[in-house]
Amino acid sequence: MHKADLHIHSCLSPCGSLYNSPDEIVQHAHSAGLDIIALTDHNSALNCPAFLEHCSDRGILGICGMEITTLEEIHLLAYFPDLETAMDFSQYIADLLMKIPNRPEKMGDQVAVNKENEILENYPWYLGAAAQRGISDLVTDLHALGALAIPAHIGRRNFSLLSQLGMIPDLPFDAMEARTSEIAQNYKDWLFLTGSDSHYLETIGNRYTVLGESGETDGDGFALLRNAIKKRRVQPVYSPA
Ligand SMILES: [Zn+2]
Ligand SMILES: [Zn+2]
């Protein structure tokens, strides 16, 4: 079994703390006893290369992800089978994003870093903007690449499936993400995961999901996640003791 936090933001997300370097995220995840973590910055995977290197140094299974803002302004979590697929999709989303110049003093810094924490760039376009592509097409795009598509925090008051559409549309999502068990109880047909949605180091692992079966240790993080979903061996822990 694996303790997984599948929703973490780094200093690349405008709303993420500048202290959330890939290095620090992995250190805090290790201290929190997590053994699978996913980096899910808003609309970009530019910090995934450094993130994966730190994960492998610490013996944590890292998953390249992204939290895409769809045309409907729904947050959609995407998980990719490998770094190359994530980076290609990151460029695809960059081309689809509304080009609003980022103003760090108002919207927050968007810092891409290398493994040594050196700044590679302060990303010029606001990453909180919406991609000009609807959720249905994005799910199709992601599945064509073997990636997973999971709507984020579906009961939240904004940027969620329920806030934007008022219902769960009939689309082939791989699972749902929620922050509380109450939401999950209302939609029993769906498989639910949870994650910390951490924008600060202190909250990493505040919510997590137990994946897989006991004794199962093989495979990379993405394969473990995909198989756990397929076998429905997924246990969200909304409020750890
Ligand atoms: Zn979100
Ligand atoms: Zn998020």
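As the structure lists them, so they are numbered: ligands from 1, and atoms in each ligand from 1. The shown structure was predicted, so the numbers you read here are calculated from the model rather than taken from an experiment.
At least one N/O/S atom of H153, whether from backbone or side chain, sits less than 2.8 Å from the Zn ion (ligand 1). Taking 2.8 Å as the criterion, H199 does not count as a coordinating residue of the Zn ion (ligand 2), since none of its N, O or S atoms falls below it. Because the distance cut-off is set at 2.8 Å, H7 fails to qualify as a neighbour of the Zn ion (ligand 1), as none of its N, O or S atoms comes that close.
There is no side-chain donor-acceptor pair under 3.5 Å between N20 and H9. Between the side chains of E67 and H75, at least one donor-acceptor pair of N or O atoms lies under 3.5 Å.
Nearest to the Zn ion (ligand 1), among the N, O or S atoms that H75 has, is ND1. D197 contributes OD1 as its N, O or S atom closest to the Zn ion (ligand 2). E67 contributes OE2 as its N, O or S atom closest to the Zn ion (ligand 1).
Counting only distance, with no hydrogens or angles, the side chain of T203 and the backbone of N206 share no donor-acceptor pair below 3.5 Å.
With ring centers used as reference points, F80 lies 6.0 Å or more from F222.
Between D57 and K115 there is a salt bridge, since at least one side-chain N of the basic residue sits less than 4.0 Å from a carboxylate O of the acidic one.
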